J.: 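One structure, pasted below without further comment.
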Amino acid sequence: MASDTSLRPAEIKDILLREIEAADLHELDVEEVGSVLEVKDGVARIYGLTKAMEGEMLEVTSTDTGDKVIALALNLEEDNIGAVILGDYLTLKEGDEVRRTARVLEVPVGPELVGRVVDALGNPIDGAGPIAARQTRKVESDAPGIIVRQPVKEPLQTGLKAIDSMIPIGRGQRELIIGDRAIGKTAIAIDTIINQKGAGVICVYVAIGQKKSTVAATVEKLRQYGAMDYTIVVVAAASDPAPMQYIAPYTGCAMAEQFMYHEGKATLCVYDDLSKQAAAYRAISLVLRRPPGREAYPGDVFYLHSRLLERCAKLSDEMGGGSLSGRPLLETMAYEL
């Protein structure tokens, strides 16, 4: 007669409980994988990433080449995500895998970048080798509050007597340089950077939507006067995708903030110019099907610049006393009647 080897329900329960207790659930690697629905004009529609955050970096893997491209989640809709591609979107196609990184967009920061020319993601483009930056900083961050600021009281000289004698410009202040094209707005900004030589001010020059030849001439001028010893140049050229031109000012601001917050230094950030950034943001918003407003700009185009310029500040002594001065440039359109 065969013996009864069947387990009783109580024994099965005990075995299962022992196995569950012995299992190390912390070693489980759970990741959310989505797929590309469509790619057009530098924007990808992504399905399947229900927990993605606004502003999160997404990693898109091309099935053809195996290359990985970073995308930035901007539109969180009911059943898909609208993300802008920070790289070559022509290598991507429908069905490519997309993974979350659980990190918002970050760029390398620190003294290792001083004297270098980088793109909007902090990658070197000056042919001088890799940058061994040890720290990163979020591209988008909150502006300092009222309590941690102090009044603007130290001057930041431009080196132009007509301006310095008539217009008081201080460290931690924002001062707009506005005018028609080719009237010398960039010249004022470059002169201001050159004039900081020996003043202990770290400068960041952000070139947005300019020709690469123009940027090369500017860098050469800064090098000629010895200004590259304390300057970082961030470039999103006219040939770069609109998303790169959109994030370039925030990248430059993050690099300057590192010196202001953690080293207590005075910094100067020149945005040349924000008109082209607004045009790039308009292009992105229209492709993302956001509602257009006046002159087809989206409704939050003012917030685009205010959240950038509000990060300029003169910090209190308790916070280290550092400062971030902003020199935004804007180009007005001279309509000829």
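When reading the values below, keep in mind they use all heavy atoms of this one structure, side chains included, and skip hydrogens, waters and symmetry mates. What you are looking at is a predicted structure, and each value in this text was computed from that prediction instead of being measured.
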J.: Output a table of donor-acceptor pairs, distance under 3.5 Å, between side-chain atoms of residues 309-316 and any protein atom two or more places apart or on a different chain; print 'none' if there are none.
T.:
from	atom 1	to	atom 2	distance (Å)
Glu310	OE2	Arg174	NH1	2.8
Arg311	NE	Glu257	OE2	3.0
Arg311	NH1	Val139	O	3.0
Arg311	NH2	Val139	O	3.1
Arg311	NH2	Ser141	OG	3.3
Arg311	NH2	Glu257	OE1	3.0
Lys314	NZ	Glu154	OE2	2.6
Lys314	NZ	Gly321	O	2.8
Ser316	OG	Val148	O	3.4
Ser316	OG	Glu318	OE1	3.4

J.: Check this for me: does any side-chain nitrogen of one of Arg99 and Glu59 sit under 4.0 Å from a carboxylate oxygen of the other?
T.: no
J.: List the steps and the verdict of side chain to side chain contact (heavy atoms under 4.5 Å, CB included) for Ile85 and Leu92.
T.: CA-CA 10 Å; Ile85 308 298; Leu92 306 179; 3.9 Å; yes
J.: More than 12 heavy atoms of other residues, nucleotides or ligands under 6.0 Å from CD1 of Ile147: is that the case?
T.: no
J.: Is it true that Glu56 and Arg100 have a side-chain N and a carboxylate O under 4.0 angstrom from each other?
T.: yes
J.: Quick one: which of Leu105, Val69, Val60 gives a side chain to side chain contact (heavy atoms under 4.5 Å, CB included) with Leu86?
T.: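 When Leu105, Val69, Val60 are each tested with Leu86, the side chain to side chain contact (heavy atoms under 4.5 Å, CB included) holds only for Leu105.
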J.: Using a strict 4.0 Å threshold on nitrogen-to-oxygen distance, state whether Lys265 and Glu263 make a salt bridge.
T.: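 The answer is yes: the pair qualifies as a salt bridge.
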J.: Is any NZ, NE, NH1 or NH2 atom of the basic residue among Asp273 and Lys276 found under 4.0 Å from an Asp or Glu carboxylate oxygen of the other?
T.: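 Here Asp273 pairs with Lys276 in a salt bridge, since their nearest N and O are under 4.0 Å apart.
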J.: Donor-acceptor check, side chain of Thr158 to backbone of Thr192, threshold 3.5 angstrom: yes or no?
T.: no
J.: Should Glu175 and Arg327 count as an ion pair when the cut-off is N to O under 4.0 Å?
T.: no
J.: Please check if the side chain of Glu331 supplies one atom and the backbone of Asp180 the other of a donor-acceptor pair under 3.5 Å.
T.: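 A pair under 3.5 Å: no.
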J.: Under 4.0 Å between a Lys/Arg side-chain N and an Asp/Glu carboxylate O for Lys93 and Glu38?
T.: no
